[in-house]
Amino acid sequence: MLQLQVIRDRKEDIIRALTKRNIDATALVENVLRLDEKRRATQTRLDTTLAESNALSKEIGMLFKTGKAQEANLLKEKTGQLKEDSKKLGEDLNTTTDELQNVLYQIPNVPHESVPAGNTEEDNEEVFQEGDIPTLQTNALPHWELAKKYDIIDFELGVKITGAGFPVYKGKGARLQRALISYFLDKNTEAGYTEIQVPHLVNEASGYGTGQLPDKEGQMYHIAADDLYLIPTAEVPVTNLLRGEILSQKDFPLRYTAYTPCFRREAGSYGAHVRGLNRLHQFDKVEIVRVEHPTNSYEALDGMVAHVKQILRELKLPYRILRLCGGDLGFTSALTYDFEVFSTAQDRWLEISSVSNFETYQANRLKLRYKDENGKSQLAHTLNGSSLALPRVLAGILENYQTPDGIQIPEVLVPYCGFEMIN
RNA sequence: GGAGGAAUGGCAGAGUGGUCGAAUGCGGCAGUCUUGAAAACUGUUGAGGGUCACACCUCCGGGGGUUCGAAUCCCUCUUCCUCCGCCA
C-alpha cells in the first residue's frame with residue numbers, strides 16, 4: 001500500500017503516474033486525503049479527552065493518598081462524561097481508520113517512470129532477446145503430445161485423483177522436475193541467495209503483507225476450517241519472514257531463494273491457452289526474494305534480471321525480456337520484467353519468470369523497515385522473481401529439444417538427471 | 001484430543017491496582033583510555049500517532065470488560081512450555 005505521507009505530499013504526481021495503469025485514481029486519492037484528515041481530527045479530539053481524564057485520575061489518586069476522600073469522590077463524578085466521550089471518539093477513530101485502510105488497499109502501486117503506458121500485453125515493451133529459435137522436424141509436437149508419447153506427464157491421472165490442472169509427473173518426467181529444482185536452487189545459491197524452506201500454507205496476515213489480500217482473494221485456495229491459504233507463490237511466505245522487522249543498514253542486502261509448489265485457482269481461465277503445462281492449479285517454482293535499501297533496489301532488480309538471463313543462457317533456451325506496460329503490471333509492482341521462452345512447437349512465447357521491484361508498497365503493509373543514519377525508521381524495498389517457474393521451462397525444453405529420436409536433455413541438466421535423452 | 005503452566009523492550013528478566021513506557025543485566029550506538037584492538041569507565045538506546053517544534057496520546061501476545069485509574073483484576077481468542085493420548 002502507498003504511504004499516506006507520500007499521498008499527502010505528491011498527490012498530483014501519483015494520480016498522473018497511475019494513468020499509466022489506465023485508472024483514474026482522483027476519487028480514491030481524494031477520499032484518502034479526506035479520511036486522513038478526518039482520522040487526524042478525531043485522533044486529536046480523543047487525545048485531548050484522554051489527556052484530561054488522565055490528569056483527573058492522577059489527581060484523584062493523590063487525593064486518596066492524602067486522605068481527602070471526599071474531594072476525590074467529587075472529581076470522580078466529572079470523569080463520567082469524559083469516559084463516554086472517549087468511548088464514542090474511540091469508536092469513530094476505529095471506523096475512520098478502517099475506512100481509510102480499505103481505500104488505501106484499493107490503490108495499486110505507482111508505476112516506475114520507465115513503465116510504458118498501455119492496456120494489454122500487446123503494449124509490453126520488448127527490451128531484450130537472445131538465443132536461437134531451433135528449426136524442428138516437420139512433425140514437431142507440442143509438449144502435451146510429447147508428454148503422452150514418452151509417458152512422462154499424465155494429465156488424466158491428475159484429473160482422476162484431484163482435478164484438471166494437477167498433473168502427475170512420471171519416470172523421467174518426475175526426475176527432470178527434480179533436476180530442474182536442484183539446478184535452479186544451486187544457481188541461486190551460487191549467486192548469494194540463501195536457500196530456505198518455508199510453509200506452503202500461510203495465514204491471513206501474510207496474505208495481506210505481500211498484497212495477495214484483499215486484492216486477489218479469489219485466486220488463492222482457502223482452507224476455511226483453519227483460515228489458512230495455500231501459497232500462490234513462495235513470495236508470500238518468504239517476504240513475510242521479515243514482516244514487522246526493523247533492520248539495520250548493514251543487514252542489506254537480504255537474499256533468499258526457496259523452492260515451493262504454488263497453488264492457484266485461476267478462476268476464469270479456460271481455453272486453448274491453458275492446455276498442457278501452460279496453466280496449472282499446482283506447479284513448482286523456485287523463487288528469489290530480496291530486501292534492499294531504497295537507493296539500491298533498481299540495481300538489485302537489474303542484478304536479478306542478469307541472473308535469470310544467465311540461467312536461460314545455460315539452458316540454451318530462446319527467450320525474450322519484456323518490460324510490462326502499466327495495464328499489465330501487477331497490482332503491487334512498480335516495475336516488472338517478464339521473461340518468456342519461445343515454445344517452438346506451439347509457436348508462441350511462454351512466460352517463465354516475472355521479476356519485480358515493489359519499492360515500499362509491500363514493505364508498508366509488512367512494516368518492514370530499517371534504521372537510517374539518523375536513527376529514523378524508513379521502509380525498505382522488496383523485490384522478487386522466479387528463478388524459475390518449472391512447467392513452462394519444462395514445456396520449452398520438451399518442445400525445443402525434441403528430435404526424431406527423443407528429447408535431448410540440456411547439457412547443464414544431465415548431471416542432475418542422470419540421463420541424456422528421454423525416449 | 002485431555003489436564004496444568006506461561007506470554008513484558010533486540011535478548012534475558014523484575015514488576016500483582018496509581019507518579020510504570022516499565023528496574024536490572026546482556027546486546028547496540030557514541031565517547032574516554034589505547035599505536036590499534038580488547039578490557040574498563042561514561043553517556044545513550046523500544047515502536048507508532050500528533051506538532052514547524054514542543055505539548056499531548058496509544059502500545060507490556062490479540063480482542064473485550066471491571067475501575068476515577070490496569071502490565072497488574074475478570075472474560076475470550078491465539079501462541080508457547082510440561083504431562084497424558086495419538087502419530088510420520
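So that the names make sense, note that chain A is the first sequence line, chain B the second, and so on, each numbered from 1. Just the heavy atoms: all of them, side chains too, but no hydrogens, waters or symmetry mates, feed the values below.
Minimum atom distance to the side chain of A:R8 is reached by B:rG50, of the listed B:rG48, B:rG50, B:rC29.
Residues from residues 57-64 of chain A lying near RNA chain B, meaning a heavy-atom separation below 4.0 Å, are A:S57, A:I60, A:G61, A:F64 in numerical order. If you check residues 71-90 of chain A against RNA chain B, the residues with a heavy atom closer than 4.0 Å are A:K76, A:T79, A:K83, A:K87, listed by number.
Listed by chain and residue number, A:H281 satisfy the ring pair (Phe, Tyr, Trp, His ring centres under 6.0 Å) test with A:F166 (two or more places apart in sequence, or in another chain). Remark: A:Y361 pairs with no residue by the ring pair (Phe, Tyr, Trp, His ring centres under 6.0 Å) rule, at least two apart or across chains. Residues passing the salt bridge (Lys or Arg N to Asp or Glu O under 4.0 Å) test with A:K187 are A:E190, A:E314, sequence neighbours excluded.
The shortest distance between the side-chain N/O atoms of A:S377 and the OP1/OP2 oxygens of B:rG48 is below 4.0 Å. Contact between the side-chain N/O atoms of A:R40 and the OP1/OP2 oxygens of B:rU51 is found at a separation under 4.0 Å. Between A:R369 and B:rG48 there is a side-chain N or O to OP1 or OP2 distance below 4.0 Å.
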Can you give each donor-acceptor pair under 3.5 Å made by side-chain atoms of residues 50-57 of chain A, sequence neighbours left out, with the distance rounded to 0.1 Å?
| residue | atom | partner | partner atom | Å |
| --- | --- | --- | --- | --- |
| A:N54 | ND2 | A:L50 | O | 3.4 |
| A:S57 | OG | A:S53 | O | 3.0 |

Identify each donor-acceptor pair in which a side-chain atom of residues 105-112 of chain A lies under 3.5 Å from a protein atom, sequence neighbours left out, and give them as a table.
| residue | atom | partner | partner atom | Å |
| --- | --- | --- | --- | --- |
| A:Q106 | NE2 | A:N102 | O | 3.3 |
| A:N109 | ND2 | A:T332 | O | 2.9 |
| A:N109 | ND2 | A:F358 | O | 3.1 |
| A:H112 | ND1 | A:S114 | N | 3.1 |
| A:H112 | ND1 | A:S114 | OG | 2.9 |

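Contact annotation for A:R45: no contact, since no heavy-atom pair falls under 4.0 Å across all strands.
The nearest whole Å value for the distance from the CD1 atom in A:I246 to the C1' atom in B:rG46 is 8 Å.
The gap from the C1' atom of B:rG50 to that of B:rG62 amounts to 25 Å, rounded to the nearest Å. With P as the reference atom, B:rA23 and B:rG15 are 14 Å apart, rounded to whole Å.
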Check nucleotides 72-77 of chain B against the protein and report each pair of N or O atoms closer than 3.5 Å, with its distance, or say if there are none.
none

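Within the structure, every pair that satisfies the side-chain hydrogen bond (donor to acceptor under 3.5 Å, both in side chains) test and touches residues 154-176 of chain A, not counting sequence neighbours, is listed here: A:D151-A:K170, A:D154-A:K170. Sorted pairs that involve residues 33-74 of chain A and meet ring-ring contact (aromatic ring centres under 6.0 Å, His included), not counting sequence neighbours, are lacking altogether. For residues 414-423 of chain A, the set of pairs meeting the side-chain hydrogen bond (donor to acceptor under 3.5 Å, both in side chains) definition, not counting sequence neighbours, comprises A:D186-A:Y416.
Across all strands shown, B:rA14 forms no Watson-Crick or G-U wobble pair with both key distances under 3.5 Å. Across all strands shown, the partner of B:rG27 is B:rU45, judged by Watson-Crick or G-U wobble contacts whose two distances both fall under 3.5 Å.
The existence of a salt bridge linking A:E30 and A:K11 is confirmed by a sub-4.0 Å separation between a basic side-chain nitrogen and an acidic carboxylate oxygen.
Using cut-offs of 30° and 60° for the angle between ring planes, the A:F252 and A:H293 rings count as perpendicular.
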Contact pattern, 5' to 3', of nucleotides 58-63 of chain B - B, S or - by protein heavy atom under 4.0 Å: S-----
